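Model, not experiment: these values are computed from the prediction. Basis for what follows: all heavy atoms, side chains included, without hydrogens, waters or symmetry-related copies. For this chain, numbers begin at 1 and follow the sequence in order.
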Amino acid sequence: MTRPRLNPWGEPRRARVGLLGGSFNPAHDGHRHIALLALRLLGLDEVWLLVSPQNPLKPVSGMAPLPERLASAETVCAGHPRLRPTAIETGLGTRYTADTLEMLRQRFPRIRFVWLMGADNLAGFHRWARWESIFQSVPVAILARGPYSARNLGTRAAHRFAHHRLPSSRARFLWQAQPPAWAFLHIRRHAASSTAIRNRRQP
C-alpha cells in the first residue's frame, strides 16, 4: 500500500497520533510490534515512526544513511495503513526531540500527540536535551521492554514526574490528558534487535 507523504506544513484533520522516534538502524518487527500495541492499548488513530537524521546521543560511525533506514521502516510498516514511517524531522530542520515536538504541535494543531518510548530509554532520558519539556508538552507512554524495564521506574525522570503517572488501566485515555502525564505499559517482549541485525550483517 502506498501512503500519501506526510505534509510537514500541516494537515487539517483531527487525529490521535503516537510518535515513535528512533534511529531505526535498521527498523525491524519489534518496532512494528510496539507500534501495533500502542495503537490498540492507547486508542490511537496512527503511529508515526520518526526516523531520526542522526541521534545526538549515538555515534555517526555505523549509522546507515537516512534513506536506507527510512526504507527499512517502510518495509516493516508495509500493509498497515495506520503505521506511517517518516523522515519529517529533516523537513522541520530539528535535531532534538523537544524541538521536534514543538514544531509538530505548531504544524499539526488539530492532532493530539503521544510520545512513545521503550522503557530502556527511560534510564538515560535525563540526558536528552530539555528532557523535562518533553514530558510537559505531550503525554508520554513508556512501553516495557524486557526484564530490566521495571527497575527503570526508579530513574531520575520517573521520580521527577512520579505524581503525574496514570495507572495502566487509564492508558487508553492518555492522549487526552493534560501534560505532564505518562503511563507505563507492560507489554509482551519482542526478541528483535537492531544491534543483533547489524552484527549478523557484518562479514
Beyond-backbone contact of S137 with E102, side-chain heavy atoms, under 4.5 angstrom | no
In a check of side-chain contact (heavy atoms from CB on, under 4.5 Å) between T94 and each of T100, I88, L50, which one passes?
-> T100
So, T155 side chain and A123 main chain: donor-acceptor pair closer than 3.5 Å or not?
-> no
How about L122 and M117: do any of their side-chain heavy atoms sit closer than 4.5 Å?
-> yes
What are the two closest heavy atoms between A38 and L116, and how far apart are they?
-> CB-CD1, 3.7 Å
Aromatic plane relationship, W115 with W128 - under 30° parallel, 30 to 60° tilted, over 60° perpendicular = perpendicular
Cation-pi geometry met for R112 and W175 (6.0 Å, 45°) | no
Does the pair T86 and L49 meet the rule for a side-chain contact (heavy atoms from CB on, under 4.5 Å), with working shown?
-> CA-CA 6 Å; T86 175; L49 279 67; over 6 Å; no
Same hydrophobic cluster for L36 and V76, using side-chain heavy-atom links shorter than 4.5 Å among ILVMFWY?
-> no
Measure across T90 and P53 and return the closest heavy-atom pair with its distance rounded to 0.1 Å.
-> OG1-CG, 3.6 Å
Shortest non-hydrogen separation from A181 to A177 and the atoms involved = CB-CB, 3.6 Å
Once you round to the nearest 0.5 Å, how far does CG of L41 lie from CD1 of I34?
-> 11.5 Å
Would R32 and H80 satisfy side-chain contact (heavy atoms from CB on, under 4.5 Å), going step by step from the backbone distance to the final call?
-> CA-CA 10 Å; R32 183 184 177 100; H80 201 295; 3.9 Å; yes
Check whether any side-chain heavy atom of E89 lies under 4.5 Å from a side-chain heavy atom of M103, and answer yes or no.
-> no
Mind listing the closest non-hydrogen atom pair of A98 and A129 along with its distance?
-> CB-O, 3.8 Å
With side chains defined as the heavy atoms from C-beta onward, is the minimum distance between W131 and R156 less than 4.5 Å?
-> yes
Cluster check L66, M63: I/L/V/M/F/W/Y, side chain < 4.5 angstrom | no
Hey, could you give me each pair passing salt bridge (charged side-chain N to carboxylate O under 4.0 Å, His left out) that has a residue in residues 159-173? Not counting sequence neighbours.
-> E132-R160
The single option from I142, L37, L42 that satisfies side-chain contact (heavy atoms from CB on, under 4.5 Å) with L185 is L42
I would like to know whether F184 and V140 meet side-chain contact (heavy atoms from CB on, under 4.5 Å); could you show each step before the answer?
-> CA-CA 9 Å; F184 188 91; V140 176; over 6 Å; no
Residue pair L92 / R107, side-chain heavy-atom distance below 4.5 Å | yes
Do F113 and R105 have side chains that get closer than 4.5 Å, going by heavy atoms?
-> yes
Measure from the side-chain N and O atoms of W182 to the backbone N and O of P139, and report whether any donor-acceptor pair falls under 3.5 Å.
-> no
Using 4.0 Å as the upper bound for N to carboxylate O, is an ion pair formed by D99 and R130?
-> yes
Shortest non-hydrogen contact between V51 and S23, atoms and distance = CG1-O, 4.0 Å
Taking the side chain as every heavy atom from C-beta outward, state whether E74 and L70 have any pair of such atoms under 4.5 Å apart.
-> yes
Could you check I111, D45, V138 and say which one makes a side-chain contact (heavy atoms from CB on, under 4.5 Å) with V17?
-> I111
Where Q136 and P179 come nearest, the two heavy atoms and their spacing | O-CB, 3.5 Å
Take F125 and R127 through the test side-chain contact (heavy atoms from CB on, under 4.5 Å) and record every step on the way to the result.
-> CA-CA 5 Å; F125 193 65; R127 296 172 54 214; over 6 Å; no
Quick one: do R82 and E46 make a salt bridge, cutoff under 4.0 Å?
-> no
Measure up the H28 and H31 rings against each other and bin them: parallel (under 30°), tilted (30 to 60°), perpendicular (over 60°).
-> parallel
Answer yes if L101 and Y96 sit in the same cluster of Ile, Leu, Val, Met, Phe, Trp and Tyr residues linked by side chain heavy atoms under 4.5 Å apart, and no otherwise.
-> no
Value for SG (C77) from CZ (F24), rounded to nearest 0.5 Å, stands at 8.0 Å
The residue among T97, L104, V114 that forms side-chain contact (heavy atoms from CB on, under 4.5 Å) with L19 is L104
